[in-house]
Amino acid sequence: MNLDPPLISGLPGAGMDTTMVNGMRLLLSSATLLTLFIDPESAGKLSKITWLIFSAYTMHSLLLYVLALLGLSLPQDILLYWLDVAWYALIVFSTSSHNNLFFLFFFFAILTSSFQRGFEEGARVTLASAGLFAATALFGETDAELSRLLLRTTFLLALGYMIAYWGGSAITQRSHLALLRDVSQLSNPRFGVDQTITSVLEKTRSYFNGRSCLLIMQDKGTRVWSLRSVIHTGTGVVHTSSLLSDDAASPLLAFPHDKIALYNQPAGPWLPWIGGARMLEPNSGRWLRHDDAAGARLAELLEAHAFISAPLPLRNGKGRIFIVSATSMSKTDALFLSHIGAQAFPVIENINLLDRLASQAASREREKIARDLHDTAVQPYIGLRHGLAALRNEATPGNPLLPELEKLIIMSGQVITDLRSYARTFKNGQVQSEPELLVALRRQATQIREFYGIDIALHIEGDLHINDRLAAEVFQIVNEGMSNIRKHTSARHGAVKLTCVQGALHISIDNECAAAHVPDFLPDSLAERAAALGGTARVTHGMLGNTSVQIEIPI
């Protein structure tokens, strides 16, 4: 598993407090300089260069500490601890006695690098520190001094390796906890289970730096498998979903359904024990060799150098999750993948269950509302239309109100047709589909243009990756925004723009404004609807005298 240092240092709690580290650096350098004043013999024969090096390092440490206190930008951490290694090498080389303990300062650089950047960087600093310290053997004069130097070098290597190992383990654990927290903070259940599963797959793929993440699941009592994948390409991330039969899904089920699996491409025929397929035996905790041929066939199918797979703890079905990588993966990666599945998918099952219960309740409620809608809204409009028709029949041919009556009759007829269509589709639960959303918005814009003379342009940029529930909410938001243009402004032109960008749906409702100065305002109802979806709403005023309501909803 590849963990980029910037990603690790950005995790909550990762890295060491900059002010504390710089304070400890200043304390060490000041104590070192004070030691020279109190006991000069501890450093052997001192020269002006030695005093200069110790004084310069103290000033260097003081400068870094002051910058940290002032909150000013500092060099990268990786540069600072390598500078420390160089300073400590100069300090050791500038002292002629090997009886001093200045070599212990190398541990400060090893500690900071290990707990900030992980095991690999800590190991590099350990090797560099030991090598630089061992170079002092060139100045040794006796066998006793040389033996003491070798002992201290070995001590530096051994303890430095342990520090780097435990520092890397601490960073790995923090990154594990951060990912488990992220997959636990699932998407808004209102947006549906599919969106939540896709979010979990993408976060998992990104963490392992894999080429793709696959999920195959089968509900209990069915013979159809659902396959979802998140694939990282050169141009971005592609999400796919498909249904498979038992025969089509069988290659992905080459491992027992309850076993964690690991496969790395063998290093070569001369090293057959490196690589191949492994399975974790839950009872013994041992990794046992599996059918290498089956693992190789699956790797060829996935076009993978390596992959890990873990079963999903589903109550109402079974499934597996795969991470496909172009680099080798470890047993620790496979174990952590199983932890991700155990953390996220039981919650997803609960959301799916609640979603089904809510859908059933909503279906019954839709039937009731559809009947109420017909009785309380459609029938009065039918009566209104009959009354208008009666007035038109009683009017004389030259009556100036005839055109207006004809217009009202046509308008009421269209409203009756729309209400009946809405009641019918609402009862069947079809009003929330994405195609119907676009059709409904265009119909609303057409009616506003015909009846009120307000031209509202509708722009859809790209594909709207939103599900049925969110589509229904978006329709209400946009419809209310267009009604606000009609009721609260004198604008004759407007525009509505819908865009899905970077995991969020952006809605822009614009209208022209003739006033020179428009006071700040925020439509309460639109803001409340956006907040209910976890989004935000704001109003901006353009340079060309237009007002824009900007709504952003995370998806």
Side-chain angles (χ1 to χ4, degrees), residues 1-3 118-120 123 161 165 168-169 172-173 175-176 179-180 201 204-218 225 227-232 244-314 317-345:
M1 177 179 60
N2 296 325
L3 292 176
F119 170 73
E120 293 183 359
Y161 178 86
Y165 178 83
S169 297
T172 300
Q173 291 173 4
S175 63
H176 284 181
L179 180 62
L180 292 177
L201 295 183
T204 304
R205 184 211 63 78
S206 177
Y207 177 84
F208 287 104
N209 197 24
R211 187 171 56 82
S212 62
C213 180
L214 286 76
L215 174 69
I216 184 167
M217 300 173 61
Q218 183 186 53
W225 294 83
L227 175 63
R228 294 181 175 89
S229 64
V230 175
I231 304 173
H232 182 266
L244 302 177
S245 64
D246 285 337
D247 293 338
S250 59
L252 296 174
L253 307 175
F255 296 93
H257 71 277
D258 59 342
K259 300 293 179 63
I260 301 173
L262 164 69
Y263 176 84
N264 284 307
Q265 184 175 339
W270 55 90
L271 295 174
W273 59 87
I274 298 180
R278 299 288 190 277
M279 285 193 319
L280 177 64
E281 182 60 41
N283 297 327
S284 63
R286 298 175 56 193
W287 287 86
L288 305 178
R289 181 175 288 277
H290 187 59
D291 185 3
D292 288 340
R297 287 194 298 268
L298 182 54
E300 183 179 1
L301 176 66
L302 299 176
E303 298 180 353
H305 174 84
F307 66 83
I308 53 178
S309 177
L312 301 179
L314 303 178
K318 56 186 177 180
R320 297 190 70 86
I321 184 172
F322 292 82
I323 293 293
V324 178
S325 176
T327 59
S328 297
M329 307 197 76
S330 66
K331 299 173 182 177
T332 303
D333 296 336
L335 287 172
F336 183 56
L337 182 62
S338 69
H339 295 328
I340 296 175
Q343 179 77 15
F345 284 91

Check your understanding: How would you list, by chain and number, every residue that makes a salt bridge (charged side-chain N to carboxylate O under 4.0 Å, His left out) with Arg205, sequence neighbours excluded?
Key -> Glu202
Study note, to complete from the structure: Sequence neighbours excluded, the answer for ring-ring contact (aromatic ring centres under 6.0 Å, His included) partners of His232 is none
Study note, to complete from the structure: Value for CD1 (Ile216) from OG (Ser229), rounded to nearest 0.5 Å, stands at 11.0 Å
Point to revise | Ile323 CD1 to Leu302 CG distance, which is reported to the nearest 0.5 Å | key: 11.5 Å
Review point. Looking at NZ of Lys259 and CG of Leu288, how far apart are the two atoms once the value is rounded to the nearest 0.5 Å?
Key: 7.5 Å
Point to revise | Rounded distance (nearest 0.5 Å) linking atom CZ of Phe255 with atom CG of Leu298 | key: 6.0 Å
Revision key, fill the gap. Between the OG atom in Ser338 and the CG atom in Leu312, the distance rounded to the nearest 0.5 Å is 10.5 Å
**Study point:** Plane angle bin for Tyr161 and Tyr165 - parallel if under 30°, tilted between 30 and 60°, otherwise perpendicular
**Key:** parallel
Exercise for review: Please round to the nearest 0.5 Å and tell me the distance separating atom CZ of Arg211 and atom OG1 of Thr327.
Suggested key: 11.0 Å
Revision key, fill the gap. Heavy atoms of Ala342 and Pro313 approach each other most closely as CA-CG, 3.7 Å
Review point. Can you name the salt bridge (charged side-chain N to carboxylate O under 4.0 Å, His left out) partners of Lys318, sequence neighbours left out?
Key: none
Check your understanding: Do Cys213 and Ile321 have side-chain heavy atoms sitting under 4.5 Å apart?
Key -> yes
Review point. Do Val230 and Leu215 come within less than 4.5 Å of each other through their side chains, counting heavy atoms only?
Key: no
Check your understanding: Can you list every pair that meets side-chain hydrogen bond (donor to acceptor under 3.5 Å, both in side chains) and has a residue in residues 301-312, with sequence neighbours left out?
Key -> Gln265-His305, His305-Ser328, Ser309-Arg320
Point to revise | Residue pair Tyr263 / Gly295: nearest heavy atoms and the distance that separates them | key: CE1-C, 3.7 Å
Check your understanding: So, Ser250 versus Asp247: side-chain donor-acceptor pair below 3.5 Å or not?
Key -> no
Exercise for review: Not counting sequence neighbours, which residues clear salt bridge (charged side-chain N to carboxylate O under 4.0 Å, His left out) with Glu300? List them please.
Suggested key: none
Check your understanding: For the residue pair Phe336 and Phe208, does the interplanar ring angle fall in the parallel (under 30°), tilted (30 to 60°) or perpendicular (over 60°) class?
Key -> tilted
Review point. Under the side chain to side chain contact (heavy atoms under 4.5 Å, CB included) test, which residues partner Leu280, sequence neighbours left out?
Key: Ile260, Trp287, Leu335
